[in-house]
Amino acid sequence: MDIAPLPIGFYARSTIDVARELIGCHLVRRVGGRLLVGLIVETEAYLPRGDSASHGYRGRTNSNASMFGRPGLSYVYPIHAKWCFNVVTDREGVPAAVLIRGIEPSLGIAAMIRNRGLTTAGGVIASGPARLCQALLIDRSFDGWDLTVGRRLWIQSGDKDRGSFRTIRTPRIGVTSAQHRRLRFVRVANG
DNA sequence: AAAACGATCTACT
DNA sequence: GTAGATCGTTTTG
């Protein structure tokens, strides 16, 4: 695994490209001296124009401001008393982001289970946008966080072992508008 | 100031 | 499958 965070150039591209290529990358959280790492397996693209499901669709507000920020920042928003984590894409000034919907824990699994407050083993650890935030201790304080610095929270490129998995596209979850668009990306094992 | 809503989750049947 | 919890943001009065 690389030790460098993905650079701003990775994020400063079309949102769909970023959403697809984030699949298979590693989401890394450093808390204290410990690393919590998971493989990104599910993302959703929220597009800068014509996407009525996007929080940025109706213009800039205080709460969605970081979605309009520099690519490579994070956008963390509240939903139903939980948090969800996005990475900002495209260029500064347009509302574009990729929602990270699921990771497969690879390091610090015991800590993630603890963070989730799970009572039963074998439960879902970090699949689902709010569960992932709970497992990695991501909250609103990370809204606007710079993911390209490699401190506290960042993303690293994954094994470029394409061939071990493929990425499929489906409609987004819980989105009532724009159902015809397949903007959700899911990692599926080959075999 | 109050109420409604939401890119959700858990627990239970 | 369904019901209820949860709380910041937005809208309404």
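Here is how names work: the chains are called A, B, and so on, in the same order as the sequence lines, proteins then strands, and each is numbered from 1. What you see is a predicted model, and the numbers here were worked out from it, not measured in a lab.
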Sorted by first residue and then second, give each side-chain hydrogen bond (donor to acceptor under 3.5 Å, both in side chains) pair with at least one member in residues 29-47 of chain A; sequence neighbours left out. A/Glu42-A/Arg101, A/Glu42-A/Arg184, A/Glu44-A/Tyr46
Nearest-angstrom distance from the residue atom CG of A/Asp139 to P of C/dC7: 14 Å
Is the backbone N or O of A/Ile125 less than 3.5 Å from a side-chain atom of A/Arg131, with the two atoms forming a donor-acceptor pair by type? no
For atom CZ of A/Phe185 and atom C1' of B/dA7, their distance in whole Å: 16 Å
Dot-bracket for DNA chain B, 5' to 3', with Watson-Crick and G-U pairs under 3.5 Å, [ ] for crossing pairs and | for other-strand pairs: what is it? ||||||.|||||.
Any side-chain heavy atom of A/Pro48 within less than 4.5 Å of one from A/Met67? no
Quick one: which of A/Asp51, A/Val94, A/Val98, A/Leu183 gives a side chain to side chain contact (heavy atoms under 4.5 Å, CB included) with A/Thr15? A/Val98
Relative to the 5' end of DNA chain B, which residue comes earlier, A/Arg131 or A/Ser54, by the nucleotide with the nearest heavy atom? A/Ser54
Distance under 6.0 Å and angle within 45° of the ring axis: does A/Arg13 meet both against A/Tyr11? no
Path from A/Val76 to A/Val31 over hydrophobic side-chain contacts below 4.5 Å: yes
Ignoring hydrogens and angles, are the base of C/dA5 and the side chain of A/His80 linked by a donor-acceptor pair under 3.5 Å? no
Could you check whether any side-chain N or O of A/Ser66 sits under 3.5 Å from a backbone N or O of A/Asp143, counting only pairs where one atom can act as donor and the other as acceptor? no
What's the CE-C1' distance between A/Met67 and B/dA7, to the nearest Å? 10 Å
Pi stacking test for A/Tyr46 and B/dA7: under 5.5 Å apart, planes under 30°: yes
Return the polar atom pairs (N/O with N/O) between nucleotides 8-13 of chain C and the protein under 3.5 Å, or none.
residue, atom, partner, partner atom, Å
C/dT9, OP1, A/Arg140, NH1, 2.4
C/dT9, O3', A/Ser63, OG, 2.8
C/dT10, OP1, A/Thr61, OG1, 2.9
C/dT10, OP1, A/Ser63, OG, 2.3
C/dT10, OP2, A/Ser63, OG, 3.0

Whole-Å distance, A/Lys82 NZ to C/dA5 C1', equals 7 Å
Does the pair A/Asp146/A/Arg70 count as a salt bridge with the N-to-O cut at 4.0 Å? yes
Please report the distance, rounded to the nearest Å, between CD1 in A/Ile79 and C1' in B/dA4. 13 Å
Linked, directly or transitively: A/Leu132 and A/Trp145 (ILVMFWY side chains, under 4.5 Å): yes
In this structure, how many angstroms lie between the P atom of B/dA11 and the CZ atom of A/Arg116, rounded? 9 Å
